[in-house]
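The chain is numbered in sequence order, starting from 1. Order of appearance sets the numbers: ligands from 1, and atoms from 1 within every ligand.
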Amino acid sequence: MAMQIRPETPADIDAITALTAAAFLHAAHTSHTEQFIINALRAAGQLSLSLVAVDGALLLGHVALSPVTVSDGSTGWYGLGPISVLPSSQGQGVGSQLMRRALTDLQDLGAAGCVLLGDPGYYARFGFAPHPGLVLDGVPPEYFMAMGFGGALPVGTVQYHAAFDAVA
Ligand SMILES: CC(C)(COP(=O)(O)OP(=O)(O)OC[C@H]1O[C@@H](n2cnc3c(N)ncnc32)[C@H](O)[C@@H]1OP(=O)(O)O)[C@@H](O)C(=O)NCCC(=O)NCCS
């Protein structure tokens with residue numbers, strides 16, 4: 001597979017929507033609104049990074065990153081997700097390559113760190129871990145993970161952009 005990872009272009013948008021809906025169709029812990037979240041983030045100018053993994057014209061994967069706020073006033077923190085891989089291409093390393101590229105690109109942007117909500121069994125391998133004191137309201141603490149890029153980790157409550165409430 002000759003896979004390439006690059007930022008999205010306008011021509012990718014419909015395929016990202018379809019891929020995201022397909023990837024989350026049978027996923028656990030989903031509201032099936034992930035594709036709407038990505039479009040709402042883009043419309044709000046909050047899609048800080050939107051990376052696609054492509055093999056020629058075929059979209060294999062996608063990851064979105066957007067700014068989050070932390071109640072202690074820390075700046076430069078981003079939320080990773082949604083992240084999706086085409087169901088028929090899962091388990092072949094596409095998601096891992098998207099994760100690594102997203103983290104590299106975030107650091108290049110000067111980010112302080114990254115948070116995400118997900119299965120620790122998957123995300124620990126990239127350096128994410130739950131941190132007592134850095135919380136997302138309403139979710140089990142072991143599923144909310146953070147990774148700092150050098151400085152101290154914030155202490156407080158994290159808030160994602162309102163686009164995460166999008167339902168259509
Ligand atoms: C999660 C996802 C992005 C991973 O992408 P991928 O290309 O399949 O992942 P990779 O091939 O890089 O890694 C595969 C590894 O991840 C594990 N894995 C995949 N999805 C996982 C999950 N939801 N929870 C725990 N582990 C998971 C696999 O068991 C495999 O583990 P191994 O390397 O120990 O064998 C992809 O499976 C996906 O799109 N899933 C549906 C949507 C989703 O759940 N997104 C994440 C929401 S937090």
Side-chain angles (χ1 to χ4, degrees), residues 1-8 12-42 46-68 77-107 111 113-131 134-148 157-168:
M1 182 168 57
M3 189 177 79
Q4 184 201 357
I5 296 179
R6 56 163 175 77
E8 72 165 34
D12 297 315
I13 290 175
D14 288 349
I16 292 170
T17 302
L19 169 85
T20 305
F24 280 92
L25 190 59
H26 301 296
H29 312 297
T30 167
S31 51
H32 302 290
T33 56
E34 288 80 6
Q35 66 275 31
F36 306 130
I37 293 170
I38 296 164
N39 288 331
L41 283 169
R42 190 185 295 108
Q46 298 289 305
L47 202 45
S48 314
L49 275 174
S50 179
L51 299 174
V52 292
V54 292
D55 184 358
L58 180 64
L59 180 65
L60 299 176
H62 172 259
V63 61
L65 291 114
S66 58
V68 296
W77 282 78
Y78 291 81
L80 187 147
I83 177 167
S84 305
V85 172
L86 191 66
S88 58
S89 297
Q90 290 177 8
Q92 298 170 30
V94 177
S96 297
Q97 290 194 51
L98 276 169
M99 285 294 303
R100 293 200 185 91
R101 174 70 182 272
L103 293 169
T104 302
D105 284 9
L106 260 191
Q107 292 179 70
C114 186
V115 297
L116 60 78
L117 180 62
D119 190 324
Y122 184 57
Y123 294 104
R125 68 189 69 186
F126 306 108
F128 285 90
H131 291 277
L134 188 61
V135 298
L136 182 67
D137 283 340
V139 306
E142 63 270 30
Y143 289 95
F144 186 63
M145 291 163 277
M147 180 175 167
T157 301
V158 172
Q159 197 148 25
Y160 283 79
H161 190 266
F164 279 81
D165 297 327
V167 292

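In this structure, CZ in Phe164 is found 10.0 Å from CD in Gln46, a value given to the nearest 0.5 Å. Here the straight-line distance linking atom CZ of Phe128 with atom CG of Leu103 works out to 4.5 Å at 0.5 Å rounding. Here the straight-line distance linking atom CG of Leu134 with atom CE of Met145 works out to 11.5 Å at 0.5 Å rounding. The line from NE2 of His62 to CD1 of Ile13 is 9.5 Å long, rounded to the nearest 0.5 Å.
Looking at Val85 next to ligand 1, an N or O pair under 3.5 Å apart turns up. At a 3.5 angstrom cut-off on N or O pairs, Leu117 does not count as close to ligand 1. Among the atoms of Tyr122, some N or O lies under 3.5 angstrom from an N or O of ligand 1. Checking only distances, Phe24 never comes within under 3.5 Å of ligand 1, N or O to N or O. Residue-to-ligand polar distances place Gln92 within reach of ligand 1: an N/O pair is separated by less than 3.5 Å. Taking only nitrogen or oxygen atoms, main chain and side chain alike, Ala23 does not reach within less than 3.5 Å of ligand 1. Ligand 1 has no N or O atom lying under 3.5 Å from any N or O atom of Ala27, backbone or side chain. Taking distance alone, with nitrogen or oxygen atoms compared against 3.5 Å, Asp119 approaches ligand 1 more closely than that limit.
Thr30 does not count as a contact of ligand 1, since none of its heavy atoms falls under 4.0 Å from the ligand. By the 4.0 Å heavy-atom criterion, His26 is excluded from the residues contacting ligand 1. Within the structure, ligand 1 lacks Gly81 among the residues with a heavy atom less than 4.0 angstrom away.
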Which donor-acceptor pairs under 3.5 Å do the side chains of residues 77-87 make with protein atoms, sequence neighbours left out?
none

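Annotation: atom 46 (C) of ligand 1 to nearest protein heavy atom, Tyr123 OH, 3.5 Å. The nearest heavy-atom contact from the protein to atom 45 (N) of ligand 1 is Ile83 O, 3.0 Å. Regarding atom 12 (O) of ligand 1, its nearest protein heavy-atom neighbour is Ser96 OG, 2.5 Å. Protein heavy atom in closest approach to atom 32 (P) of ligand 1: Arg125 NH1, 3.7 Å. Looking only at protein heavy atoms, the nearest one to atom 11 (O) of ligand 1 is Gly93 N, 2.6 Å.
Residue Phe126 does not touch ligand 1, judged by heavy-atom distances below 4.0 Å.
Under a cut-off of 6.0 angstrom, the local environment of CD in Gln90 is crowded, with over 12 non-hydrogen atoms contributed by other residues, nucleotides or ligands.
The shortest side-chain heavy-atom distance between Gln97 and Leu60 does not fall under the 4.5 Å cut-off.
Distances from atom 39 (O) of ligand 1 to the protein include at least one heavy-atom value under 4.0 Å. Shown here, atom 29 (O) of ligand 1 is out of close reach of the protein: none of its heavy atoms lies under 4.0 Å off. Under the 4.0 Å distance rule, the nearest protein heavy atom to atom 8 (O) of ligand 1 falls inside the cut-off. Within a 4.0 Å radius of atom 35 (O) of ligand 1, the protein has no heavy atom. Per-atom contact check: atom 2 (C) of ligand 1 does not touch the protein, criterion being a heavy-atom distance below 4.0 Å. Within the 4.0 angstrom cut-off, atom 25 (C) of ligand 1 has one or more protein heavy-atom neighbours.
Aromatic ring pairs are classed by plane angle as parallel below 30°, tilted from 30° to 60° and perpendicular above 60°; the pair His29 and Tyr143 is tilted. Ring geometry for Phe126 against Tyr123 counts as tilted: the plane angle lies between 30° and 60°, on a 0 to 90° scale.
Scanning both residues, Ser50 and Ile16, for their nearest heavy atoms gives OG-CD1, 4.3 Å. Scanning all heavy atoms of the two residues, the minimum distance from Leu98 to Leu51 falls at CD2-O, 3.9 Å. The two residues Phe144 and Val115 come nearest to each other via the heavy atoms CZ-CB, 3.7 Å. Here the shortest heavy-atom pairing between Leu47 and Ala64 reads CD1-CB, 3.7 Å.
Listed by number with element, the atoms of ligand 1 under 4.0 angstrom from any heavy atom of Ser84 are 39 (O). Below 4.0 Å from some heavy atom of Gly95 lie the following atoms of ligand 1, by number and element: 5 (O), 6 (P), 7 (O), 12 (O).
Residues satisfying the side-chain hydrogen bond (donor to acceptor under 3.5 Å, both in side chains) criterion with Thr33, sequence neighbours excluded, are Ser31.
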*Could you give me the CA-CA distance, side-chain angles and deciding distance for Leu106 and Met147, then say whether side-chain contact (heavy atoms from CB on, under 4.5 Å) is met?*
CA-CA 12 Å; Leu106 260 191; Met147 180 175 167; over 6 Å; no
